[in-house]
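Letters A, B, ... are given to chains in the order of the sequence lines, protein chains preceding strands, and every chain is numbered from 1.
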Number of protein chains: 2
Amino acid sequence: MDIIFDKIRESGGRITAIKKALLECFSENHCILSFKEISGFLEKKNFKPNRSTIYRELDLLRKFNVIEKKEISGKSFYEKKGKHHHHIVCVKCKKIEPVLMDNFLEKIEKDISREKDFLILNHNLEFIGKCKKCN
Amino acid sequence: MDIIFDKIRESGGRITAIKKALLECFSENHCILSFKEISGFLEKKNFKPNRSTIYRELDLLRKFNVIEKKEISGKSFYEKKGKHHHHIVCVKCKKIEPVLMDNFLEKIEKDISREKDFLILNHNLEFIGKCKKCN
DNA sequence: ATATTTGCAAACGTTTTGCATAGTG
DNA sequence: CACTATGCAAAACGTTTGCAAATAT
């Protein structure tokens, strides 16, 4: 946590109450969070920042390499950078859960890079289906 | 094509000029198309339907199982149902290209299904990176 | 002191909706 | 004829921006 604070300050960023609360939010939650979940979390901690502030802070944390943004079925989600994983998404209740797995895509990515002359930096993989409850 | 027309009529849908043009659009284009690309195609064929009409038609074609919708980096794309494939997306020029490959995810999907008690119906996989030109 | 952060209001791009009219089966 | 498809205008939705005031360093 303190390391992140230092990193932010070094890059010219300032540690504010909202930023602290946001960092807490991401350290307490391992899986991806929607905008609403994030602002809900902040409200529970008695912060009610303006939407634009939240978006801007999320953007900053992204630039500081603390979190990353994912777009799943047209909506944005934010997630602490960390262990490589994918997600399962329930078509009915929309619940998203993480799935840990080794990076089995590495070999395929090499093939694609060579074949298509395309430098692969990242990938998105979600499995869409029905969770236990909804099925 | 005629099979699709029949299927649509059977389900209570009506064959209109716009629907025909849209079907042409998807049979001429194998990879995913953005909304703008679709309406551009229609304009080239001298159709200028209202946006809402296009969205509604796309929705119908989706219900008739002719096309499917994909959300990539926050935008919607539409694609004819067909051969299983994935996409590479250039972060810079945003160009999207298809990548054909056998369904190597099958085994992994079985594992996830068992482990998470989750029925997998589909998956989304995109490789993000830089194309030859942009790199 | 100065640059960053914040709230507010307004704009933006994409997609959806309600309603009246036109067109298909 | 009955019901679907269409155009139009307006709304909804998530996100971004410009600006002036507040705050961190």
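Between A:Val91 and A:Lys130 the shortest side-chain heavy-atom distance falls below 4.5 Å. Contact of the A:Ile72 side chain with the A:Lys75 side chain is not registered, since no non-hydrogen atoms from C-beta on lie closer than 4.5 Å. Using a 4.5 Å cut-off on side-chain heavy atoms (C-beta onward), B:Leu60 and B:Lys19 make contact. Within the 4.5 Å cutoff, the side chain of A:Leu58 has heavy atoms near those of the A:Leu22 side chain. By the 4.5 Å heavy-atom criterion applied to side chains, B:His87 and B:Cys31 are counted as neighbours. A 4.5 Å side-chain heavy-atom check between A:Cys131 and A:Lys95 finds every atom pair outside the cut-off. At least one side-chain heavy atom of B:Lys45 sits less than 4.5 Å from a side-chain heavy atom of B:Phe41. With a 4.5 Å cut-off on side-chain heavy atoms, A:Lys80 and A:Asn29 do not count as touching.
Using a cut-off of 4.0 Å between Lys/Arg side-chain N and Asp/Glu carboxylate O, B:Arg62 and B:Asp59 are scored as salt-bridged.
Per the geometry, NZ belonging to B:Lys69 stands 10 Å off C1' belonging to C:dT16, to the nearest Å. Rounded to a whole Å, the NZ atom of B:Lys75 is 14 Å from the P atom of D:dT16.
For DNA chain D, none of the residues of residues 86-98 of chain A falls under the heavy-atom distance limit of 4.0 Å. Contacts with DNA chain D (heavy atom under 4.0 Å) in residues 40-63 of chain A: A:Arg51, A:Ser52, A:Tyr55, A:Arg56, listed by number. Contacts between residues 6-34 of chain B and DNA chain D, counted as heavy-atom distances below 4.0 Å, involve B:Gly12, B:Gly13, B:Arg14, B:Thr16, B:Ile18, B:Lys19.
Hydrophobic cluster membership differs between B:Ile128 and A:Leu125, with clusters built from Ile, Leu, Val, Met, Phe, Trp and Tyr side chains linked at under 4.5 angstrom. Hydrophobic clustering (ILVMFWY, side-chain heavy atoms < 4.5 Å, transitive): B:Ile88 and B:Ile96 are in distinct clusters.
Among residues at least two apart or in separate chains, ring-ring contact (aromatic ring centres under 6.0 Å, His included) pairs with a member in residues 90-135 of chain A are A:His84-A:His123, A:His86-A:His123. Within the structure, ring-ring contact (aromatic ring centres under 6.0 Å, His included) contacts touching residues 47-82 of chain B (residues at least two apart or in different chains) are B:Phe35-B:Tyr55.
Rounded to 10 degrees, the angle between the two end axes of the helix from C:dA1-D:dT25 to C:dG25-D:dC1 is 30°, with five pairs used at each end.
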